[in-house]
> 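Before we start, here is the structure in question, set down as structure tokens.
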Amino acid sequence: MALQIYNTLTKKKEEFTTLTPGKVKMYACGVTVYDESHIGHASQAIIFDVIRNYLEYSGYEVTYVRNFTDIDDKIIKKANETGKDALEISSHFIKRSQEDMALLKIRPATHEPRVSNHIPDIISFIEGLISKGHAYQAGGDVLFDISTFKEYGKLSKRKIDELINEDTGAKKNPGDFALWKGVKPGEPSWDSPWGKGRPGWHIECSVMAKKYLGETLDIHGGGMDLVFPHHENEIAQSEALHDKPFSRFWIHNGLIMVNRQKMSKSLGNFYTITRAAEKAPTDVIRFMILSCHYGSNIDFMESNLTTASKRVHYFYRTLSKISQLCSSVKETDSEDLLKDLNTSMEKEFRAAMDDDFSTAKVIAFLSETFSQINEFLDDKSIKPGRKIHSLNNFKTGLLKVTSVLNILNDEPEAFLKSFRTLYLKNNGIDEKEITDLINKRSDARKAKDFTLSDKIRDELADKNILVQDTPSGTEWDILFK
RNA sequence: GGCGCCGUACCCAAGUGGUAAGGGAGAGGUCUGCAAAACCUUUAUGCAUCGGUUCGAAUCCGUUCGGCGCCUCCA
């Protein structure tokens, strides 16, 4: 079964095809850089990162563009408040955003263009719209005339005459929007045929998409909240100018919620990526986001984060057991005892991902797979040496899956150790006090003083530290609650 | 007010016509000094509500109730 994608434009799952065989042109709206990026931006970036990875895995050559809006009202506002230059502020937050993305194992896009570097392209695009009668000058502004584009509203399923906008001003239709904004005092500006000014918000994406990808894209995406007006307006601009479809597939991701409310900068209820990363490792954040379908909203609750932590911890513990066995025992047998599992893994993975990038299904089957692996590891009827070949095959197959999702591909021991370190830091615990208590408990156990040893164990549990007695000694780990 | 999405077990959540994935929590078991980890078993005749279409519906249509998003900057 070929890849099926839910297309916002048609409201249906459709078989994915590309304009040029073997090549995908994908554009996703990035961030407006006037502040630190939050976990909502992260979720969008992670989702499109995985989509891109999977398309590449499926054999496509993907050109992925993710823009930075570095000129906008809020950036200008911040510049005026801080006395800094607007572009200086946006440059700073672009750098911060790129660092955040790297921290979350998100690959940079093929192109990450900025609006301020594309003013001439924007001006000529607008000139084209004016000369075709789709835009008009109103004072120092240039507005798009939505009545000239018959299909206006086709993405968000709105009708032109239902659009309400109190600020009608010089607009011919209430829904007309700015392509170019005449300069106001205290604003950065560029020369244009219509006087000094700056681009409106929507035009940048139409222009930069065209420049880096051409007049028709295969995939255009972004957060659900961009469907109207942003993406609707992009369609209007691009299709009015080129008389051809702007994007063949529209993909919209769900939003991060906090207590059932959308997380957004304007509501002030957001977690920055930095803050989220202080609470949980990268893989936990990615896992949480990829645990549900990309189109649904996710509540960024403590309990969801804890659940994701437990799961990721479980997966890495299993991987750690595998690598410990593989590094300590010699392979004695070349029979694949996990043949069914190993051969079905890639098939299951593709089937799930081909169904509208169902990462939730992938994670569900990974859960089942890991249970079987643990069972296999624990199976005393099979000599350890006979397991190695099978486990190596498993690791090879798993790597294909995890390299697309970009989770569970760290070195297991290193991951677990850094997770513990993060946990201790967040709880203000010194590792030495734990090891001291554990040593004390081990002495008590040797002396068969189980009352004391159990008391120490309870004491550690109060600190959310879990004690585990294994054949090779006592270990400690995070006690998730 | 308009447009759109959603409502699945105690909780999170997949599932878009063929008889309810997965996870968390709970219960029982194997293991253990006891635990933990891991594994096994178990937890919705039921998918907000009422009605309809169908041989068959969580899935399609309509009603009611509830939640959310967009309509102004938003990933």
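Chain naming here is simple, since letters A, B, ... match the order of the sequence lines and numbering starts at 1 in each.
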> Are OP1 or OP2 of B:C39 and a side-chain N or O of A:S371 less than 4.0 angstrom apart?
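Looking at the OP1 and OP2 atoms of B:C39, one of them is under 4.0 Å from a side-chain N or O of A:S371.
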> Give one of base, sugar-phosphate or nothing for A:S303, where a contact means two heavy atoms less than 4.0 Å apart.
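Since no nucleic acid heavy atom lies under 4.0 Å of A:S303, the category is nothing.
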> So, using salt bridge (charged side-chain N to carboxylate O under 4.0 Å, His left out) as the criterion, who are the partners of A:K13 when residues are at least two apart?
A:D355
> P atom, B:C10 versus B:A44: distance in rounded Å?
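Here B:C10 and B:A44 have their P atoms 10 Å from each other.
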> Taking any heavy-atom pair under 4.0 Å as a contact, classify A:K361: base, sugar-phosphate, or nothing.
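Sugar-phosphate only.
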> Between B:A21, B:A75, B:G15, which one does the side chain of A:E368 approach most closely?
B:A21
> If I take atom NZ in residue A:K310 and atom C1' in nucleotide B:G22, what distance separates them, rounded to the nearest angstrom?
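Computing the A:K310:NZ to B:G22:C1' distance gives 15 Å.
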> If you compare every side-chain N and O of A:N374 against the phosphate oxygens of B:C39 (OP1, OP2), does one of them come in below 4.0 Å?
yes
> Side chain of A:R158: nearest nucleotide among B:C68, B:C71, B:G22?
B:C71
> Can you tell me how far P of B:G2 sits from CD of A:E232, to the nearest Å?
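It is 20 Å, rounded to the nearest whole Å.
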> In whole Å, measure the gap between the C1' atoms of B:A35 and B:C47 for me.
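Straight-line distance between the two C1' atoms is 39 Å.
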> Could a donor-acceptor pair under 3.5 angstrom be found where the side chain of A:K157 meets the base of B:C3?
no
> The side chain of A:K262 lies closest to which of these nucleotides: B:A75, B:C39, B:G67?
B:A75
> Nearest to the A:F228 side chain among B:A37, B:G23, B:C71, which nucleotide is it?
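That would be B:C71.
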> Please tell me if A:Y314 has a side-chain N or O lying less than 4.0 Å from either OP1 or OP2 of B:C39.
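Affirmative; the distance criterion is met.
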> Does B:G24 have OP1 or OP2 under 4.0 Å away from a side-chain N or O of A:K481?
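No.
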> Using the P atom in both, what is the distance from B:U59 to B:C3, to the nearest Å?
23 Å
> Output the single nucleotide from B:A38, B:G22, B:A14 whose closest atom is nearest the side chain of A:S296.
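The answer is B:A14.
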> Which value, in whole Å, describes the distance between the P atoms of nucleotides B:C73 and B:G66?
31 Å
> How would you label the contact of A:S367 with the nucleic acid (heavy atoms, under 4.0 Å): base, sugar-phosphate, or nothing?
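Sugar-phosphate, no base atom in range.
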> A:Q237 vs A:L179, test: side chain to side chain contact (heavy atoms under 4.5 Å, CB included). Steps then yes/no.
CA-CA 9 Å; A:Q237 294 159 350; A:L179 299 169; 3.4 Å; yes
> I need a per-nucleotide contact map over nucleotides 26-34 of chain B, read 5' to 3'. Cutoff is protein heavy atoms under 4.0 Å; write B for the base, S for backbone only, - otherwise.
-------BB
> Sticking with atom P, work out how far B:U8 lies from B:A14, rounded to a whole angstrom.
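Those two atoms are separated by 10 Å.
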> Would A:S371 and A:E375 count as a side chain to side chain contact (heavy atoms under 4.5 Å, CB included) here? Give the steps.
CA-CA 6 Å; A:S371 290; A:E375 193 183 1; over 6 Å; no
> Return the nearest nucleotide to the side chain of A:M301; candidates are B:C39, B:A75, B:C12.
B:C12
> Apply the test side chain to side chain donor-acceptor pair (under 3.5 Å) to residues A:S323 and A:E413: give CA-CA distance (whole Å), side-chain angles for both, the deciding distance (0.1 Å), then the verdict.
CA-CA 9 Å; A:S323 45; A:E413 270 309 314; over 6 Å; no
> Compare the minimum distances between each of B:A14, B:A75, B:G69 and the side chain of A:C292, then state the nucleotide with the smallest one.
B:A14
> Only pairs at least two apart or in different chains count here, so list each ring-ring contact (aromatic ring centres under 6.0 Å, His included) that has a residue in residues 290-311 of chain A.
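Every ring-ring contact (aromatic ring centres under 6.0 Å, His included) pair that includes a residue of residues 290-311 of chain A, provided the two are not neighbours, is A:Y271-A:F300.
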> Over how many whole Å does the gap from A:L479 atom CG to B:A36 atom P extend?
11 Å
> Taking the nucleotide of RNA chain B with the closest heavy atom to each, which residue, A:R311 or A:V227, is nearer the 5' end?
A:R311
> Using a heavy-atom cut-off of under 4.0 Å over every strand shown, decide if A:G30 touches base, sugar-phosphate, or nothing.
sugar-phosphate
> Quick one: salt bridge (Lys or Arg N to Asp or Glu O under 4.0 Å) pairs with a partner in residues 281-292 of chain A, sequence neighbours left out?
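Those involving residues 281-292 of chain A are A:D49-A:R286, A:K105-A:D283.
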> Expressed as a whole number of angstroms, how long is the span from A:I363:CD1 to B:G22:C1'?
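It works out to 10 Å between those atoms.
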> Say you pick atom C1' in B:C12 and the same atom in B:G26; how far apart are they, in whole Å?
16 Å
> Could you check whether A:G222 gets within reach of a base, just the sugar-phosphate, or nothing at all, counting any heavy atom under 4.0 Å?
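Sugar-phosphate only.
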> Passes salt bridge (charged side-chain N to carboxylate O under 4.0 Å, His left out), A:K78 versus A:D73? Steps please.
CA-CA 9 Å; A:K78 192 142 188 167; A:D73 291 349; over 6 Å; no
> If you pin A:D72 and A:K13 to their nearest nucleotides in RNA chain B, which one's is more 5'?
A:K13
> Quick one: A:F287 CZ to B:C12 P, roughly how many Å, whole number?
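After rounding, the reported distance stands at 17 Å.
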> Would you indicate what A:K11 reaches in the nucleic acid, counting non-hydrogen atoms under 4.0 angstrom: base, sugar-phosphate, or nothing?
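Here A:K11 touches the backbone only, sparing every base.
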> Find the distance A:R260:CZ to B:C5:P and express it as a whole number of Å.
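Interatomic distance, CZ of A:R260 to P of B:C5: 20 Å.
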> Kindly express the pairing pattern of RNA chain B in dot-bracket notation, using | wherever a base pairs with another strand and counting only Watson-Crick or G-U pairs under 3.5 Å.
((((((((.[[[..)..(...]]].(((((.......))))).....[.[[[..)....]]].])))))))....
> Quick check for you: among B:G24, B:C68, B:A75, whose closest atom lies nearest to any side-chain atom of A:T32?
B:A75
> Could you verify whether a donor N or O on one side chain and an acceptor N or O on the other, from A:E234 and A:H220, lie under 3.5 Å apart?
yes
> Give one of base, sugar-phosphate or nothing for A:K448, where a contact means two heavy atoms less than 4.0 Å apart.
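Nothing, no heavy atom under 4.0 Å.
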> If you take all heavy atoms of A:D469 and A:T474, which pair is closest and at what distance?
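Residues A:D469 and A:T474, closest heavy atoms: OD1-OG1, 3.0 Å.
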> Base, sugar-phosphate, or nothing for A:I47, non-hydrogen atoms under 4.0 angstrom?
nothing
> Whole Å only: how far is the CG atom of A:D225 from the P atom of B:C71?
8 Å
> Are the side chains of A:L87 and A:P188 in touch, meaning some heavy atoms are under 4.5 Å apart?
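In short, these two side chains do not touch, never coming nearer than 4.5 Å.
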> Quick one: are A:F249 and A:E14 in side-chain contact, heavy atoms under 4.5 Å?
yes
> What integer number of Å spans the P atoms of B:C5 and B:A9?
22 Å
> Can you list everything that forms a ring pair (Phe, Tyr, Trp, His ring centres under 6.0 Å) with A:Y316? Sequence neighbours excluded, please.
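By the ring pair (Phe, Tyr, Trp, His ring centres under 6.0 Å) rule, A:Y316 matches A:F415.
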> Could A:R311 and A:Y314 be counted as a cation-pi pair, given that NZ or CZ must be under 6.0 Å from the ring centre and within 45° of the axis?
yes
> What's the gap between B:G69 and B:A13 when it is taken at their P atoms, as a whole Å value?
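Approximately 15 Å lies between the P atom of B:G69 and that of B:A13.
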> Please tell me which of the listed nucleotides, B:G15, B:A21, B:A38, lies nearest to the side chain of A:H293?
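Selected nucleotide: B:G15.
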> Between B:A36, B:G4, B:A75, which nucleotide gets closest to the side-chain atoms of A:L466?
B:A36
> Output yes when at least one side-chain N/O atom of A:S358 is less than 4.0 Å from OP1 or OP2 of B:G15, else no.
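Yes, within the criterion.
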